Peer 1: 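Quick one: the structure is below, questions incoming.
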There are 2 protein chains.
Amino acid sequence: MPKSPLKLLKSQKRNAPPPPAESGFDVPKLARSTLNEEVYEELKQALISGKIAPGSTMTIRSLAQSFGISIMPVREALRRLVAEHVLVLLPNRSVALPLFTPERFHEITRIRTSLEGLAAEEGARHVTPELFDRLTRMTKLMETSPNASPADVLEWNREFHFGLYRASGMPVLVKMIESLWLQVGPLLNLQQQVFAAEKISVYVHHHRALEGLKKKKPAEVRAAIIGDIEDAAKIIGARL
Amino acid sequence: MPKSPLKLLKSQKRNAPPPPAESGFDVPKLARSTLNEEVYEELKQALISGKIAPGSTMTIRSLAQSFGISIMPVREALRRLVAEHVLVLLPNRSVALPLFTPERFHEITRIRTSLEGLAAEEGARHVTPELFDRLTRMTKLMETSPNASPADVLEWNREFHFGLYRASGMPVLVKMIESLWLQVGPLLNLQQQVFAAEKISVYVHHHRALEGLKKKKPAEVRAAIIGDIEDAAKIIGARL
DNA sequence: TAGTGTAATAAGTGATCACAGAGAACACAA
DNA sequence: TTGTGTTCTCTGTGATCACTTATTACACTA
């Protein structure tokens, strides 16, 4: 089991003396974010961008040292990711990014079709013209940017899906789908690389969804999103 | 916003000198459980048994004092429950059991029908004769125990549902459903009290499910479970 | 009496320390 | 060389302390 050193961010010590002067006005900072949230976001980002290999373990202390902070915020961030099933607790009580078995992947795909199908159908019922334009723009962006980085394409794809899902007005559902995307995060990256390499286009499903939105047929939107998920899963599933 | 004192358990201090002798054999203790897990389980139990009122806030220190331990395990247990959306983080960063709005309840019900429908249908495909017997027994138990405590009935009902769901062989799905049940936990208790008071029987759905299992018609099992969820939700939804 | 500003208290966050268990490294014997 | 036992290090868990922020209480003034 490889151990990832994970030198993500070498920030300065926190309890070192404060920066020299800091004279002048402070920015309002509406929502003071805590250190553990920053670590959480940082780790999440590392996961979805494929910087951490599935199966690798990580220790609290080494991460804390990489971040240049004490172990407390790292501890909380890791436990949160475990609670969200993004990381798993090994019997030794150390945390690891779970390995993807074909069974687990297949199961998550089935759950995704069920949940995202619901979100898509309900989102279709509440779609506004502005949202429709944004979704169209995202799809165009993906199609007409052959040289875009996989990370960019993934981000556009994410915006397309979640833009539609959020329109459902079902925040709990959206959170659950986000959690599922996080769990398949390491694979999404692989998926996009395969797509880019083999020039596979799954945008037919996006177009079907847009069509369904225009015709105000929520059931068609649902079918299109499910097709999108299943087609992508077929590619990845074959490579597990 | 009421503050629940929550005197759950007055255990002895942890870092007090160890018990006098402890001579004799220790039980093997396969999985050494940590203090934060115990607190987590304890709080979970308090939630599903309705001991904590929705909307009430709780503080780390007061809980720690109730348990007679330091704040660390309580801190981790609370954050875990927040990560699982059982508790919410208020803007003040204090935690609370969320209030149930009709919208949230309705949304969770829709998600439940989607997810539990899937689990029921898939469970029906893998049901064994032994499991069928157990499910039949649970239903009989519920029907023929007019004086059973609501907590007992809830437990039997839970075993019926999750026994079926677990047969699906989809552990991720089962975990997600468990999380949803936890979120509606405070209402499940209310529900059972209403049922007991008004002698409402929802067991027709259980019988339909058993029938579907016997006839090997997974789709019918799905429909029965969805009917069960929606009927129960109708009762509760009307009282929100 | 009502409103406001200040002091006192409580609570969450982060750092550090202490401890116990697991794992690795190493030395010694067969 | 291989197996075994011991030691040492590493890691997670829990306790305690320090700090900052938010809430409450209280006193003073209009």
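Per chain, numbering begins at 1; letters A, B, ... match sequence-line order. The basis for the numbers below is simple: all heavy atoms, side chains too, and nothing from hydrogens, waters or symmetry mates. Model, not experiment: these values are computed from the prediction.
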Peer 1: With ring-ring contact (aromatic ring centres under 6.0 Å, His included) as the rule and sequence neighbours excluded, what pairs involving residues 157-187 of chain A come up?
Peer 2: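 Residue pairs with at least one partner in residues 157-187 of chain A: A/Phe160-A/His206, A/His161-A/Tyr165, A/His161-A/Trp181, A/His161-A/His206, A/Phe162-A/Tyr165, A/Phe162-A/Trp181.
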
Peer 1: Below 3.5 Å, does any donor atom in the side chain of A/Arg75 face an acceptor in the base of D/dG12, or the other way round?
Peer 2: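 No pair found.
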
Peer 1: Would you name the heavy atoms of A/Ala124 and A/Leu164 that are closest together and state the gap between them?
Peer 2: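 Closest heavy-atom pair between A/Ala124 and A/Leu164: N-CD1, 4.0 Å.
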
Peer 1: Between A/Glu122 and A/Arg125, does any side-chain N to carboxylate O distance fall below 4.0 Å?
Peer 2: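 Looking at A/Arg125 together with A/Glu122, the answer is yes, because their closest N to O distance falls below 4.0 Å.
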
Peer 1: If you measure from the Lys or Arg side-chain nitrogens to the Asp or Glu carboxylate oxygens, is any gap between B/Glu230 and B/Lys234 under 4.0 Å?
Peer 2: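 Result for this pair is no, no salt bridge flagged.
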
Peer 1: Please report, rounded to the nearest Å, how far the P atom of D/dA18 is from the CZ atom of B/Arg61.
Peer 2: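 Rounding to the nearest Å, CZ of B/Arg61 and P of D/dA18 are 13 Å apart.
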
Peer 1: Would you kindly give the CZ-to-P distance between A/Arg80 and C/dG14, to the nearest whole Å?
Peer 2: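 For the pair A/Arg80 CZ and C/dG14 P, the rounded distance is 12 Å.
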
Peer 1: Compare the minimum distances between each of D/dG14, D/dG12, C/dG14 and the side chain of B/Ser70, then state the nucleotide with the smallest one.
Peer 2: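 Of the candidates, D/dG14 comes closest.
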
Peer 1: Can a salt bridge be assigned to the pair A/Arg80 and A/Glu84 using a cut-off of 4.0 Å between side-chain N and carboxylate O?
Peer 2: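 Judged by the 4.0 Å cut-off on N to carboxylate O distance, A/Arg80 and A/Glu84 do form a salt bridge.
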
Peer 1: Has the side chain of A/Arg93 got a donor or acceptor that lies under 3.5 Å from a partner of the other kind on the base of C/dG21?
Peer 2: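 For A/Arg93, whose side chain was compared with the base of C/dG21, there is no donor-acceptor pair (under 3.5 Å).
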
Peer 1: Measure CE/B/Met72 against P/C/dT13 and give the value in whole Å, please.
Peer 2: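 It works out to 12 Å between those atoms.
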
Peer 1: Does B/Asn36 have a side-chain nitrogen or oxygen under 4.0 Å from the phosphate oxygens OP1 or OP2 of D/dT13?
Peer 2: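 For D/dT13, OP1/OP2 do not have a side-chain N/O of B/Asn36 under 4.0 Å.
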
Peer 1: How many Å lie between CE on A/Met58 and P on D/dT11, as a whole number?
Peer 2: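 These atoms are roughly 14 Å apart.
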
Peer 1: Expressed in angstrom and rounded to an integer, what is the separation of B/Leu89 atom CG from C/dT13 atom C1'?
Peer 2: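 About 12 Å, once rounded to whole Å.
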
Peer 1: What integer distance in Å separates A/Glu76:CD from D/dG14:P?
Peer 2: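 Distance check: A/Glu76 CD to D/dG14 P gives 13 Å.
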
Peer 1: Rounded to the nearest angstrom, tell me the gap between atom CG in B/Asn92 and atom C1' in C/dA11.
Peer 2: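 In whole Å, C/dA11 C1' lies 10 Å from B/Asn92 CG.
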
Peer 1: What is the distance, rounded to the nearest whole Å, between atom CD1 of B/Ile71 and atom P of C/dG12?
Peer 2: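 In whole Å, C/dG12 P lies 8 Å from B/Ile71 CD1.
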
Peer 1: Closest nucleotide of DNA chain C for B/Ile60 versus for A/Pro73: which of these residues is on the 5' side?
Peer 2: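 Result of the comparison: B/Ile60.
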
Peer 1: Among D/dT11, D/dG14, C/dG14, which is the nearest nucleotide to the side chain of A/Thr34?
Peer 2: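 Of the options given, the side chain of A/Thr34 lies nearest C/dG14.
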
Peer 1: Does the D/dG12 base have a donor-acceptor partner in the side chain of A/Arg79 within less than 3.5 Å?
Peer 2: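 No pair found.
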
